[in-house]
2 protein chains.
Amino acid sequence: MQFSKSTDYALHALIHLGLSESRNHIGIKELSASLGVSESYLSKIMSKLRQDGIVRAVPGVNGGYELARPADRITFLDVIHVIEGRQQLFECSNSSSRQHRLLAEGRVERQETERWGQGECLVEKVMVGAERHLHQYLREHTIQMVLDEANRIRSAEGIEK
Amino acid sequence: MQFSKSTDYALHALIHLGLSESRNHIGIKELSASLGVSESYLSKIMSKLRQDGIVRAVPGVNGGYELARPADRITFLDVIHVIEGRQQLFECSNSSSRQHRLLAEGRVERQETERWGQGECLVEKVMVGAERHLHQYLREHTIQMVLDEANRIRSAEGIEK
DNA sequence: TTTATTATCGACATTAAAGGTCCGCATTCA
DNA sequence: TGAATGCGGACCTTTAATGTCGATAATAAA
Ligand code: SF4
Ligand code: SF4
């Protein structure tokens, strides 16, 4: 139960783009050098981000990537959804077991088939709740927040010197 | 980013034990039949649960498993920690990258090495927060809650007939 | 004490997913 | 046009989850 490295890479790539807003396009070369990841692999991740409308890409000389929308409208949840997919935190794998019948059979016979059949069982109810909490938190945190923090540190550095 | 099947099995095994509190010991045979999982595999999971003090096991004739403490003191988080391990939701994999130096170098030079070096960076700060929320929720939900719900359904069934 | 029963543990096999590489193709723009 | 750049499919490697087998140890009942 851990986020993949790809998510790590994606977040850092977006942060890099965010910190380089002045220059218009950042090539995969610069990104991969900055993150320490191979160009081939990182480009796959960037492609996903592009397909989901998080970044824009332009090929050709002086091409590269840029954020497709302001950093304060790119949430951590957005990024995670793109990379990790939208699979549920918990997915029952034995809904045909003897035990399931014990726990769930009752309702099925009483017109609650729809709500129950859709995956609202005793265990999943807890897990879906957990997922909702997690997603809520991740939705409230954007790339911009990291950029602000980074800039704050940067300028503090500048003054000090 | 999903809980493993083992977690699923563990939760259901515990629920089965909880619903069978009257009888003292439940063998791996009954459990595996109820869940539809092989005895070999399930027994490994049960061993983990035993090592972490969630269940007790006694070998020999009429042996088997039982909950090591009341079901209302076994939280979902307990179970998940046993099965999934205690690895963080997010673990930075490129803390030696050029970008990291950009984002984090400043602080290291100002006696904040300890807090920072321990893994409190801009990105992780968000992720650790997310993890805390998730864990908080899972800590508040116990096996007993599922048992109660199941018993409520059961008795409603009984009255109906 | 003997014996049948049961959990335990290590070794191994299988499968699925993540991580990573390569190369030909399409697109842009100087 | 042609050099630079991103795109995407095929493929390989590594890692983790899942699953099986068999030998061993512990227990309680007879
Ligand atoms: S009760 Fe829920 S989690 Fe358990 S077997 Fe049924 S559907 Fe799956
Ligand atoms: S800023 Fe944090 S997440 Fe990013 S490279 Fe440094 S330690 Fe890792």
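Throughout, a chain's letter reflects where its sequence line sits, starting with A, and its residues are numbered from 1. Because the structure is predicted, anything quoted here is derived from the model rather than measured.
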Asks: Please tell me if R50(A) has a side-chain N or O lying less than 4.0 Å from either OP1 or OP2 of dG8(D).
Replies: yes
Asks: Base, sugar-phosphate, or nothing for E39(A), non-hydrogen atoms under 4.0 angstrom?
Replies: nothing
Asks: Would you jot down, in residue-number order, the residues of residues 58-70 of chain B having a non-hydrogen atom under 4.0 Å from DNA chain D?
Replies: P59(B), G60(B), V61(B)
Asks: If only side-chain N and O atoms of S38(B) are considered, is one of them under 4.0 Å from the OP1 or OP2 phosphate oxygen of dT20(D)?
Replies: yes
Asks: Once you round it to whole Å, what is the distance between P of dG6(D) and NZ of K44(A)?
Replies: 14 Å
Asks: Just the endpoints, please: which first and last nucleotides of DNA chain C, 5' to 3', lie under 4.0 Å from a heavy atom of chain A?
Replies: dG19(C) to dT28(C)
Asks: Are side-chain heavy atoms of D78(A) and R69(A) found at a separation under 4.5 Å?
Replies: yes
Asks: Which sits closer to the 5' end of DNA chain D, S40(A) or V37(B), going by the nucleotide each is nearest to?
Replies: S40(A)
Asks: Honestly curious: do L122(B) and L11(A) fall in one hydrophobic cluster under the side-chain, below-4.5 Å linking rule?
Replies: yes
Asks: Tell me whether M145(B) is reachable from L147(B) by hopping between hydrophobic residues (I, L, V, M, F, W, Y) whose side-chain heavy atoms are closer than 4.5 Å.
Replies: no
Asks: Have R50(B) and S47(B) got a donor and an acceptor in their side chains that come within less than 3.5 Å?
Replies: no
Asks: Would you please confirm or rule out a distance under 4.0 Å between OP1 or OP2 of dC7(D) and any side-chain N or O of S47(A)?
Replies: yes
Asks: Hey, could you give me each pair passing ring pair (Phe, Tyr, Trp, His ring centres under 6.0 Å) that has a residue in residues 67-89 of chain B? Not counting sequence neighbours.
Replies: H81(B)-H135(B)
Asks: Would you say R98(A) has more than 12 foreign heavy atoms packed within less than 6.0 Å of its CZ?
Replies: no
Asks: Can you check whether T75(A) reaches E140(A) side chain to side chain, under 4.5 Å on heavy atoms?
Replies: no
Asks: Could you pull out the closest heavy-atom pair between I83(A) and S4(A), with the gap in Å?
Replies: CG2-OG, 4.0 Å
Asks: Does any non-hydrogen side-chain atom of H16(A) lie less than 4.5 Å from one of I26(A)?
Replies: yes
Asks: When you measure from every atom of DNA chain D, which of residues 11-35 of chain B have a heavy atom less than 4.0 Å away?
Replies: none
Asks: Closest approach of Y41(B) and S6(B), non-hydrogen atoms and distance?
Replies: OH-OG, 3.0 Å
Asks: Can you confirm whether L31(B) sits close enough to L42(B) that some side-chain heavy atom of one is under 4.5 Å from a side-chain heavy atom of the other?
Replies: yes
Asks: Hey, would you say the Y137(A) and H133(A) ring centroids sit under 6.0 Å apart?
Replies: no
Asks: Excluding sequence neighbours, so at least two apart, what forms ring-ring contact (aromatic ring centres under 6.0 Å, His included) with F90(A)?
Replies: none
Asks: So, is Q51(A) near the phosphate of dC7(D), with a side-chain N or O under 4.0 Å from OP1 or OP2?
Replies: no
Asks: How would nucleotides 12-18 of chain D be written as a contact map, 5' to 3', with B for base contact, S for sugar-phosphate-only contact and - for no contact, using protein heavy atoms under 4.0 Å?
Replies: ------B
